[in-house]
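Just the heavy atoms: all of them, side chains too, but no hydrogens, waters or symmetry mates, feed the values below.
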Amino acid sequence: MGPLTVAGAGLVGSLLALYLAQRGHAVQLLDRRPDLRLRQRSEGRSINLALSDRGWRALEGVGIADDIRQVSIPLYRRVMHDRQGQLTGQPYGAAEQAIYSVNRDQLNRTLLDLLEERPSVQLRFGQQLQRLDLAGRTLHLRDVATGQEHAEPYTELFGADGAFSSVRGAMQRTDRYNYSQDYLEYGYKELTIEAGPDASWALEKNALHIWPRGQYLMIALPNLDGSFNATLFFPYEGPTSFAALPDAAAVTAFFAAEFADAVPLMPRLAEEFFANPTGSLVTVRCFPWHTAGVLLLGDAAHAIVPFYGQGMNVGFEDCTVLDGLLDAHGDADWPAVMAEFEQQRKPNADAMADLALYNFVEMRDRVGDPRFLLQKRIENKIAALHPTRWVPLYTRVTFSHLPYAEAWAAGQRQDAVMAQLMPHIQTEADFNGPAVQARLAEELARAGV
């Protein structure tokens, strides 16, 4: 039997190859791009990612979690910046709970370095998939450097080649294949908040910073060198949009009005705004995820928008779920493993896609709203009173391994409770009133929380 083939040497494909090699399989990892370790950065892609519990468990499974913790920064809360530069904080969870800012390329390089050390793994870059013969289990590849094309068989193929997957493209041409891609009318632009003197952080280091502005927002995550990777999420068209900022003067004036406290920390703002590409935001849904000998994972199966910080985490969780199914079924029964993987993960990936879109509205419109912040404080009070009955949605998604679909269903039940409760609450003190407590008990029972 030949080696297992993984298409895509990004984060999910590299981690999957490590899991498969750890189980004793020979693995070949193919990617159409050059080895990223030979270039400076991945242009147009988010530099920083948020790593949380699901992702950490996946890294622990291949023994590299401690190494990555050394080059990641814990973020314990959101810090919201209003137009006047006033700050409001909101913790992510309990005192010790944090998400972690980690550099995408650094993590990917670490995974590739580990693969390089394994004699059972073959890394093959510059290999573009031209055609996939599903019936004949044959890859038709083009060597990017030489232009030469060749065909080679595969035994099992794992498509981890991203939102615009070539492997999925072949599956889409099969009978009764369901596929959709939905773009937000927003793009994103990567910008830099410079480090302070002596590589100090000019903003609070251990926080994710958000500038919510209703129809758009900017966020910033810290880097180890004291800088922050800022991302503007902004409409493509309209009176306030990328199209409405045609030159440096327009960009500078807009940022000075909307993000005044950040502008002094962004000396290369106009230069970066026009030099850096504008990325698109897409949700991909498809079904089925597997056919004879082929399985999709990560963005190839379920690309989501980035507003819950779960894109990498859900892809990494794919790897741990697959590894667990191999424990259950054995490494030879790939048809059973692939079928059960699809059955388990599809509902959870769909739920996570919905959650990411839900959180976009929250981050853009609601985190700067005093009523919303009051509601979050009330929810924390409910959680303190009823710790086994009321676990915040964010905690279920980010700080647990509960299936995403179950977390989302619980969150919707909680939203229904809060919709009934909040009209009776104007201040935190109102929560303790007997009428509100009676209403809370009634709504919790009605919602089955």
Could you tell me if the side chain of V337 sits less than 4.5 Å from the side chain of L295, heavy atoms only? no

Please determine whether side chain to side chain donor-acceptor pair (under 3.5 Å) holds for the pair Q172 and R168, giving the CA-CA distance in whole Å, both sets of side-chain angles, and the decisive distance to 0.1 Å. CA-CA 6 Å; Q172 286 171 222; R168 190 191 63 233; 2.8 Å; yes

Side-chain (R413) to main-chain (L444) donor-acceptor, under 3.5 angstrom: no

D143 side chain to A145 backbone, donor-acceptor under 3.5 Å: yes

Hey, what's the ring geometry for W56 with Y100, parallel, tilted or perpendicular (30° and 60° as the breaks)? perpendicular

N48 side chain vs S101 backbone, donor-acceptor pair below 3.5 Å: no

Beyond-backbone contact of L132 with S166, side-chain heavy atoms, under 4.5 angstrom: no

Look at the aromatic rings of F234 and Y216 and report parallel, tilted or perpendicular, splitting at 30° and 60°. perpendicular

Going through the checks in order, is the side chain to side chain donor-acceptor pair (under 3.5 Å) test met by E152 and H150? CA-CA 7 Å; E152 59 185 66; H150 69 283; 2.9 Å; yes

In sequence, state the C-alpha distance, the side-chain angles, and the governing distance for E194 and S227, and then conclude on side chain to side chain donor-acceptor pair (under 3.5 Å). CA-CA 5 Å; E194 300 285 359; S227 67; over 6 Å; no

Candidates R396, Q310, R345 - the one meeting side chain to side chain donor-acceptor pair (under 3.5 Å) with Y404: Q310

Using only atom types and a distance under 3.5 Å, with no angle test, would you say the side chain of R173 pairs donor to acceptor with the backbone of G169? yes

What is the minimum heavy-atom distance between N206 and I73, and which atoms define it? ND2-CG2, 3.7 Å

What's the verdict on side chain to side chain contact (heavy atoms under 4.5 Å, CB included) for H209 and E204, showing C-alpha distance, side-chain angles and the deciding distance? CA-CA 8 Å; H209 294 264; E204 181 181 331; 3.9 Å; yes

Side-chain heavy atoms of Q90 within contact of R377, under 4.5 Å: no

Are K189 and F242 packed together at the side-chain level, in the sense that at least one heavy-atom pair is separated by less than 4.5 angstrom? yes

To the nearest 0.5 Å, atom CG of L75 lies from atom NZ of K205 at 10.0 Å

Can you list the steps and then say if K376 with E379 is a salt bridge (Lys or Arg N to Asp or Glu O under 4.0 Å)? CA-CA 5 Å; K376 288 300 177 186; E379 289 181 24; 3.7 Å; yes

Under the ring pair (Phe, Tyr, Trp, His ring centres under 6.0 Å) rule, what do F233 and F307 come out as? Steps first, then yes or no, please. CA-CA 10 Å; F233 297 98; F307 301 107; 4.7 Å; yes

Looking at R32, I want to see if its CZ is surrounded by more than 12 non-hydrogen atoms of other residues, nucleotides or ligands under 6.0 Å. no

Identify the residue among L281, N359, V282 that makes a side-chain contact (heavy atoms from CB on, under 4.5 Å) with V305. L281

L141 to Q130 - nearest heavy-atom pair and separation: C-CG, 4.3 Å

Between Y308 and T398, is the side chain to side chain contact (heavy atoms under 4.5 Å, CB included) condition met? List the steps. CA-CA 9 Å; Y308 225 113; T398 306; 3.9 Å; yes

Do Q215 and Y186 have side chains that get closer than 4.5 Å, going by heavy atoms? yes

Heavy atoms of other groups near E185 CD, more than 12 under 6.0 Å: no

When you look at N103 and N223, which way does the side chain to side chain donor-acceptor pair (under 3.5 Å) test go after all the steps? CA-CA 8 Å; N103 181 278; N223 297 308; 5.1 Å; no

Between Q127 (side chain) and L30 (backbone), is there a donor-acceptor pair under 3.5 Å? no

Are the side chain of D53 and the backbone of N313 linked by a donor-acceptor contact shorter than 3.5 Å? no

Could you go step by step and tell me if F341 and H290 meet the ring pair (Phe, Tyr, Trp, His ring centres under 6.0 Å) rule? CA-CA 9 Å; F341 177 87; H290 86 289; 9.5 Å; no

Do other residues, nucleotides or ligands put more than 12 heavy atoms under 6.0 Å from the CD atom of Q343? no

Here the gap from L112 atom CG to L11 atom CG, rounded to the nearest 0.5 Å, amounts to 9.0 Å

Side-chain heavy-atom pair R37, F125 within 4.5 angstrom cut-off: yes

Within the distance-only criterion (no hydrogens, no angle test), does the side chain of T110 pair as donor or acceptor with the backbone N or O of Q106 below 3.5 angstrom? yes

Do side-chain atoms of D318 reach the backbone of L297 as a donor and acceptor pair under 3.5 angstrom? no

Could you state the interatomic distance from CZ (R23) to OG (S120), rounded to the nearest 0.5 Å? 13.5 Å

Short N-O contact, R57 and E60, less than 4.0 angstrom: no

Heavy-atom donor-acceptor pair, Q414 side chain to V391 backbone, under 3.5 Å: yes

Heavy-atom side-chain proximity of K381 to E428 below 4.5 angstrom: yes

So does F316 get a backbone contact from the side chain of R54, meaning a donor-acceptor N/O pair under 3.5 Å? no

Could you state the interatomic distance from CD1 (I99) to OG (S52), rounded to the nearest 0.5 Å? 7.0 Å

A side-chain contact here means heavy atoms from C-beta on lying under 4.5 Å apart; do P288 and Y177 qualify? yes

Checking side chain to side chain contact (heavy atoms under 4.5 Å, CB included) for the pair R131/R142: CA distance, chi angles, key distance, verdict? CA-CA 9 Å; R131 187 166 66 86; R142 174 180 175 271; over 6 Å; no

Measure the CD-CG distance between Q28 and L139 for me, rounded to the nearest 0.5 Å. 7.5 Å

My understanding is that only residues two or more places apart in sequence, or in another chain, count here; which of them pass side-chain contact (heavy atoms from CB on, under 4.5 Å) with A416? none

Parallel, tilted or perpendicular: which describes the rings of Y394 and Y92, with under 30° parallel and over 60° perpendicular? parallel

Give the ring-plane orientation class for W211 versus H81, where under 30° counts as parallel, over 60° as perpendicular and anything between as tilted. parallel

To the nearest 0.5 Å, atom CG of L208 lies from atom CG of L203 at 11.0 Å

Give the intermediate values and the outcome of side chain to side chain contact (heavy atoms under 4.5 Å, CB included) for residues C286 and L296. CA-CA 10 Å; C286 63; L296 300 176; 4.1 Å; yes

